[in-house]
Structures are given as C-alpha cells and as structure tokens.
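Reckoned from all heavy atoms, side chains included, excluding hydrogens, waters and symmetry mates. Please read all numbers here as calculations on a predicted model, not as lab measurements.
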Amino acid sequence: MHGEYKVPGGKLVVVDFDVVGGRISGFKLSGDFFLEPDDALECINGAVEGLNPSSTIEEFAEAIRAALPTEVHLLGFTPGSVGVAIRRAITGAAHWRDYDWQILHEPPVAPVLNAALDEVLTAAVGEGLRGPTLRIWEWNAPAVFIGSFQSVKNEVDEEQAAAHGAQIVRRISGGGAMYMAPEACITYALYVPGELVRGMSFADSYAYLDEWVLEALQALGIDAHYKPLNDITSPQGKIGGAAQKRLGSGAVLHHVTMAYDMDPAVMTQVLRIGREKLSDKGTTSAQKRVDPLRSQTGLSREEIIEKMVEVFKQRHGGSDGEVTEGEWDAAERLVEQKFLTEGWIRRVP
C-alpha cells in the first residue's frame, strides 16, 4: 500500500507497507521533511511495524511518539501526519492530480442562486455527473449569509438588512453569519469527491483543501496561514473563514469567503454580533474598513483572483469550464423550492 499526505504549510509524508495477517508489515516512511537524529527514521518505522491497520490516526501517532528518542526534532511533519498518510493508504484516498479539474468563474448572479449552485454542483460531483470543480462566486446584490444552524433573530437585524437591500440567505453548510456586498469579498467553492479527503479528520481536511490559496496569498506578499478550525489569517488579523458540508453521496462542499474591502459600519448594523466579528478580525474601529487583501497587496480584486486561479492550475491542473444549462435550471428550481421558502430561511427562527 502507498499513501501520501502533504502537510498544510509543511512537507510531504509518504508511506509504503503491506498488510499481512491483519498487521502492517514492511513499513517505510519517506518524504521531503527534516528529521534529527537520522536514526529516528528507523524508530518511526519500527513503531508502526506490526500495528493493526484499523488503528486511528491518534493511535498511530501515540505509538510513534512513544518510540522516538527524547531529543528529536521533526520539522515539516508530525507523528499525527504519519498517521494521516497511513489512513489515506488504507482507505484508498485520491490525490488532487488524479482528477481533471474544472474552474468556473461565471458573471454575477443573485446571492441566493450562488447558495443553490453550491448544493447542485456538489450533488453533481457526488453523482458522477461532473468532475471535481473550483468555482469563484460573483453576486449582484448585498446579502446576509447565515450558517445552516444559526438563528435568524439572533444573528440578523432584519430591519437594517432590508434598509441596505440585503437578502437573508441560509446556506447548507454550518459556520457563522457574513454580510457580503458585491465585490467586497472573494468567495470560492470546491466541489470534491470524498476520496480526496479520505483518511483525514474534519480539521485536517479544512487546511488541506485550502493550502493552494495560502500559497497564492503568500505569492502576493501576504504572510497567510491557517488557524484551526477554519480561519485563514495573517499577522495583521483574520482574512477569511471556511465552511463545509458533506452530502450523503460522499461529495464535499468546501467554500471560503475572504475580505477584500468590507465596510464594518454596515456590518455592525446588519449583523447583531458584528462588533465581536470585527474584534476577531483585529479591527478596533467600526469606521475602519476590513480590507486585508486590498491593503496588504495593493492589487485589484480581479488581480488577486487571477493569481489564485494561476496557482491552483500550477498545483492541481484544471481547465476553464462553465455551469451547464441543466445545472442552472436545477439551481433556479432549488431557489424557488427551498432557498426562498420561509421554511428554509427560518428553519431556526
């Protein structure tokens, strides 16, 4: 068996082994990580040899930690990341380059249609009707997006939302509320088969699916890194947050919104917990714009998106595509049948 795991912000961990008589046999660890002293590599190999392949990631990590010498330095990987690589080998996890990726960047549409498209395209990947896909959102009106399990009355000042022309949209993923004006944010969604993140914990999958965008931000001069569970941040404060939804088919929706040039004064009026959100972003004044991408790069929103797509293609491949007519039709039906209904919007009143 062969398994690989690129540690987010770290190095590649590769494992090779057989399973003989229900036990791991001939285990070998390799990769571009750093490890001192050299003989610690054999300590790791010996620790995994003979273990039950059904062990959890933490059980593999505990066995490795117990076998390592007192003075050891692991750079670019951890005992847990070795466990992830083992689990990915055992479960038959796929890799980014195993797929032909499509990249979608359609003209602006109604915010609620973006939410419906996320569900439709994730379902299409799960049903094998389309390949794994990256989509850049564009929207034509302000909206308040709330998480699947949030209370409308606790999160949104509906009178202020209406005054600013912001529609309330409940998405299918969890997470927190966001006020999103056109072109004030950069939002992207990944629609991927479950095999791509197989063997990972939920926390590991968040960072794994966003590593490409961290590389893009770093290439633009932003010292970006991932803060568990789901935040992209920098020394200047929070940049954005991720959310996921896993469908019964096994497909995964992973979407991220990053602040380009947001107006916190409006945010605090529309969102009931707006001031706490601003504090979390490191912004102390409601009159100061939340613009980490604009201020830290000096680039237009379009230039940043162009760099993101460029890095994605370099790392994972991909070709430009489009939403099919059937997918648009399905999303529009879902808007009417679900996303615009009071039953869905106020599923948690």
Side-chain angles (χ1 to χ4, degrees), residues 7-10 136-137 139 142-147 150 154-157 160 164 166 171 173-190 202-244 254-308 311-312:
V7 180
I136 310 296
W137 279 31
W139 57 105
V144 179
F145 282 86
I146 61 175
Q150 288 190 295
N154 289 342
E155 302 295 333
V156 186
D157 184 324
Q160 284 295 322
H164 289 282
R171 61 184 187 270
S173 62
M178 300 175 294
Y179 172 72
M180 295 168 55
E183 300 190 351
C185 315
I186 295 176
T187 296
Y188 64 87
L190 287 166
F202 276 92
D204 287 333
S205 73
Y206 272 86
Y208 181 74
L209 292 175
D210 284 333
E211 189 179 16
W212 65 275
V213 81
L214 294 184
E215 181 179 327
L217 295 176
Q218 289 161 4
L220 293 171
I222 298 178
D223 183 14
H225 59 276
Y226 218 79
K227 180 180 178 182
L229 170 67
N230 62 336
D231 285 346
I232 295 174
T233 188
S234 76
Q236 284 70 45
K238 181 175 174 179
I239 294 171
Q244 282 188 9
H254 178 91
H255 46 196
V256 171
T257 293
M258 300 184 292
Y260 176 72
D261 187 13
M262 299 171 68
D263 187 342
V266 177
M267 191 187 309
T268 55
Q269 294 167 13
V270 172
L271 300 180
R272 294 193 182 281
I273 57 171
R275 294 191 183 278
E276 287 78 3
K277 286 184 178 292
L278 289 176
S279 175
D280 185 44
K281 288 178 169 63
T283 301
T284 56
S285 169
Q287 302 307 312
K288 180 181 177 182
R289 299 187 78 86
V290 181
D291 63 348
L293 295 182
R294 186 178 67 112
S295 63
Q296 292 185 50
T297 66
L299 298 175
S300 69
R301 182 175 177 273
E302 292 72 22
E303 290 172 310
I304 294 172
I305 292 172
E306 182 178 345
K307 171 58 72 172
M308 289 169 55
V311 169
F312 187 92

K.L.:
Is the ring centre of Tyr188 less than 6.0 Å from the ring centre of Trp212?
P.N.:
yes
K.L.:
Roughly how far apart are Leu217 CG and Ile304 CD1, rounded to 0.5 Å?
P.N.:
8.0 Å
K.L.:
For the CD atom of Glu302 and the OH atom of Tyr260, what is their distance to the nearest 0.5 Å?
P.N.:
7.5 Å
K.L.:
Would you check if the side chain of Gln218 reaches a backbone N or O of Ala224 as a donor-acceptor pair within less than 3.5 Å?
P.N.:
yes
K.L.:
Does the ring-ring contact (aromatic ring centres under 6.0 Å, His included) test come out yes or no for Trp137 and Phe145, once each step is laid out?
P.N.:
CA-CA 13 Å; Trp137 279 31; Phe145 282 86; 5.3 Å; yes
K.L.:
What's the shortest heavy-atom distance between Gln296 and Ser234, and which atoms?
P.N.:
NE2-OG, 3.4 Å
K.L.:
Can you measure from CD (Glu155) to CD1 (Ile146) and round to the nearest 0.5 angstrom?
P.N.:
7.5 Å
K.L.:
Any side-chain heavy atom of His225 within less than 4.5 Å of one from Thr233?
P.N.:
yes
K.L.:
Please name the pair of heavy atoms, one in Met262 and one in Tyr179, separated by the smallest distance, quoted to 0.1 Å.
P.N.:
CE-O, 3.4 Å
K.L.:
Can you find a heavy atom in the side chain of Gln244 that is under 4.5 Å from one in the side chain of Leu209?
P.N.:
yes
K.L.:
Heavy atoms only: give me the nearest Gly175-Arg171 pair and the separation to one decimal.
P.N.:
C-NH2, 3.3 Å
K.L.:
To the nearest 0.5 Å, what is the distance between CG on Leu214 and CG on Asp223?
P.N.:
10.5 Å
K.L.:
Please examine the side chains of Met308 and Ile186, heavy atoms only from C-beta on, and report whether any two atoms are closer than 4.5 Å.
P.N.:
yes
K.L.:
Would a 4.5 Å heavy-atom cut-off, applied to side chains only, mark Ile305 and Arg301 as touching?
P.N.:
yes
K.L.:
Name all residues meeting the side chain to side chain contact (heavy atoms under 4.5 Å, CB included) criterion together with Asp157; count only those two or more places apart in sequence or in a different chain, and write none if there are none.
P.N.:
Glu159, Gln160, Arg272
K.L.:
For the residue pair Cys185 and Thr257, what are the closest heavy atoms and their distance?
P.N.:
CB-CG2, 3.8 Å
K.L.:
Identify the heavy atoms of Ala219 and Lys307 that sit nearest to each other, and give their distance.
P.N.:
CB-CD, 4.4 Å
K.L.:
Just so I know, are the side chains of Asn230 and Val256 near enough to count as touching, which here means a heavy-atom distance under 4.5 Å?
P.N.:
no
K.L.:
Looking at every non-hydrogen atom in both residues, tell me the closest pair between Tyr226 and His254 and how far apart they are.
P.N.:
OH-CE1, 4.4 Å
K.L.:
Not counting sequence neighbours, which residues clear side chain to side chain contact (heavy atoms under 4.5 Å, CB included) with Leu229? List them please.
P.N.:
Ala203, Tyr206
K.L.:
Can you find a heavy atom in the side chain of Leu190 that is under 4.5 Å from one in the side chain of Phe312?
P.N.:
yes
